[in-house]
Amino acid sequence: MPAHPLAARLIPWYAREKRDLPWRAPGFGAWGVLVSEFMLQQTPVARVIPRLEAWLERWPTPAALAADAPAEAVKQWANLGYPRRALWLHRAAAEIRDRHNGVVPRDVDALLALTGIGDYTARAVAAFAYGDRHPVVDTNTRRVIARAVHGRAQPAAPSRRDLDDMAALLPVAEAEAAVVNAATMELGAVICTARSPRCDECPVRDLCAWLNAGRPETPDLRRRQAKYEGSDRQARGAVLRALRDGGALPQEAVLPDWPDALQRDRAILSLLDDGLVETEDGVLHLPRS
DNA sequence: TAAGCGTGGCC
DNA sequence: TGGCCAAGCTT
């Protein structure tokens with residue numbers, strides 16, 4: 001069976017143009033790929049790279065991470081954002097140690113069963129670390145398919161059908177399938193970008209349904225991001241930063257000057273609920289177990 | 001299903 | 001300047 005026309009264009013383009021990213025190095029390892037995917041969830045590549053290197057130097061295996069306290073993971077996560085990911089990565093490491101003899105699983109269902117791993121990350125690990133043939137769908141993929149295949153300016157709401165759309169592009173051969181997954185993401189990241197797509201440099205421009213239709217504006221069905229300034233999320237971030245920087249603190253010493261004391265207390269309660277913070281005799285600290 | 005969840009750079 | 005955006009997951 002001949003390759004899908006889009007795949008036939010993406011493969012040589014990717015071979016020529018792909019960025020030299022750490023997790024693409026041969027032999028980077030499944031643990032490294034897994035950590036990179038956790039960090040890359042909603043966080044830009046440029047901010048991940050230095051944190052990833054430091055993380056893997058400190059914890060070269062899942063067992064090494066699991067042997068440390070979750071507080072250490074949260075501190076090492078620093079300002080990458082969404083610190084629940086640090087906690088979940090620590091939990092996943094313990095699950096890998098306990099259920100999989102310390103080896104990152106290859107099976108998608110086993111990966112999906114790990115804390116903090118969903119449809120994207122499970123298939124990304126299976127495809128990029130182990131070379132298996134699975135559709136890998138991230139926000140870049142969904143935008144590329146929306147435009148090139150469906151002729152829409154923006155993707156619709158995420159759906160399980162996205163996996164079928166991507167599967168339709170994959171060559172039969174496993175190694176080539178992994179390349180097409182990576183190349184589709186790469187195209188979305190560097191050419192078919194959200195705001196100002198560089199269609200004149202696109203390797204699939206003559207095949208693109210959206211470009212051929214004259215780049216029509218289509219209804220934007222994406223969810224808007226809530227305002228951050230003044231939000232509970234901002235308060236949570238400030239509380240956690242105080243505990244990362246200051247160690248254990250009596251509750252009344254956490255953000256004493258925060259403009260909205262009720263919001264601060266609400267943030268502390270939700271952090272306790274998430275397990276990102278623990279309390280002992282009125283003293284707050286990062287989780288020790 | 002849709003909301004909640006950090007942080008910072010860019011245009 | 002400030003909204004948009006970034007290799008998503010959980011509930």
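Convention: sequence-line order gives letters A, B, ...; per-chain numbering from 1.
The side chain of Arg224(A) contributes no N or O atom lying less than 4.0 Å from OP1 or OP2 of dG3(C). Side-chain nitrogen and oxygen atoms of Arg123(A) include none within less than 4.0 Å of the OP1 or OP2 phosphate oxygen of dA7(C). A sub-4.0 Å separation between OP1 or OP2 of dG8(C) and a side-chain N or O of Gln41(A) is absent. Close to dG6(B), at under 4.0 Å from its OP1 or OP2, lies no side-chain N or O of Arg244(A). For Thr115(A) and dT10(C), the shortest distance from a side-chain N or O to OP1 or OP2 is not below 4.0 Å.
If you check every strand for non-hydrogen atoms under 4.0 Å, Thr139(A) touches sugar and phosphate atoms only. Nucleic acid contact class of Trp23(A) (heavy atoms, under 4.0 Å, all strands): base. Base engagement by Arg19(A) is indicated by at least one non-hydrogen atom pair under 4.0 Å involving a base atom. Across all strands, Ala124(A) comes closer than 4.0 Å to no nucleic acid atom at all (heavy-atom distances). Residue Asp119(A) is in sugar-phosphate contact alone, with no base atom involved, counting any heavy-atom pair closer than 4.0 Å across all strands shown. At a threshold of 4.0 angstrom between heavy atoms, the contacts of Leu21(A) include nucleobase atoms, whether or not backbone atoms are also involved. Residue-level contact check: Pro83(A) touches the backbone only, with heavy atoms under 4.0 Å from sugar-phosphate atoms and none from bases.
A distance of about 27 Å separates the P atoms of dT1(C) and dG6(B), rounded to the whole Å. dA3(B) and dC4(C) are spaced 16 Å apart, taking the P atom of each and rounding to whole Å. Annotation: dG8(B) and dT10(C) have their P atoms spaced 24 Å apart (nearest Å). On the C1' atoms, dA7(C) is 23 Å away from dC11(B), given to the nearest whole Å.
Rounded to a whole Å, the CG atom of Leu240(A) is 7 Å from the P atom of dT7(B). Taking atom CG of residue Asp138(A) and atom P of nucleotide dA7(C), one finds them 7 Å apart after rounding to whole Å. A straight line from CZ of Arg223(A) to P of dC5(B) spans 12 Å, rounded to a whole angstrom. The distance from atom CD of Gln234(A) to atom P of dT7(B) is 9 Å, rounded to the nearest whole Å. As rounded to whole Å, 10 Å separates atom P of dC4(C) from atom CG of Asp220(A). Remark: C1' of dT1(B) and CG of Leu221(A) are 14 Å apart, rounded to the nearest angstrom. If you measure from atom OH of Tyr82(A) to atom P of dA7(C), you get 13 Å, rounded to the nearest angstrom. Between the CZ atom of Arg222(A) and the C1' atom of dC5(C) there is a distance of 9 Å, given to the nearest Å.
With 3.5 Å as the limit, one finds no donor-acceptor pair spanning the side chains of Gln251(A) and Thr279(A). A side-chain N or O of Trp258(A) and one of Gln263(A) form a donor-acceptor pair less than 3.5 Å apart. For the residue pair Arg85(A) and Gln41(A), no side-chain donor N or O sits within less than 3.5 Å of a side-chain acceptor on the partner. Donor-acceptor pairing under 3.5 Å is lacking for the side chains of Ser159(A) and Asp162(A).
Of the candidates dA7(C), dC9(C), dG3(C), the closest approach to any side-chain atom of Thr121(A) belongs to dC9(C). The side chain of Arg84(A) lies closest to dC5(B), out of dA7(C), dC5(C), dC5(B).
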Polar atom pairs (N or O), protein with nucleotides 8-11 of chain B, under 3.5 Å:
from	atom 1	to	atom 2	distance (Å)
dG8(B)	OP1	Asn79(A)	ND2	2.9

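Comparing Ala157(A) and Arg233(A) against DNA chain B, the residue whose closest nucleotide sits nearer the 5' end is Ala157(A).
Checked by distance alone, Arg142(A) brings no side-chain donor or acceptor within 3.5 Å of a matching partner on the base of dG8(C).
Counting heavy atoms of neighbouring residues, nucleotides and ligands inside a 6.0 Å radius, atom CZ of Arg161(A) does not exceed 12 of them. Other residues, nucleotides and ligands place no more than 12 heavy atoms under 6.0 Å from the CG atom of Asn101(A).
When all heavy atoms are compared, the tightest approach of Ala182(A) to Tyr14(A) is CB-OH, 3.6 Å.
Looking at heavy atoms from C-beta onward, Leu111(A) lies out of side-chain contact with Thr121(A) at the 4.5 angstrom threshold.
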Q. Would Asp232(A) and Arg236(A) count as a salt bridge (charged side-chain N to carboxylate O under 4.0 Å, His left out) if you check the C-alpha gap in whole Å, the side-chain angles of each, and the deciding distance to 0.1 Å?
A. CA-CA 6 Å; Asp232(A) 283 15; Arg236(A) 281 171 54 105; over 6 Å; no

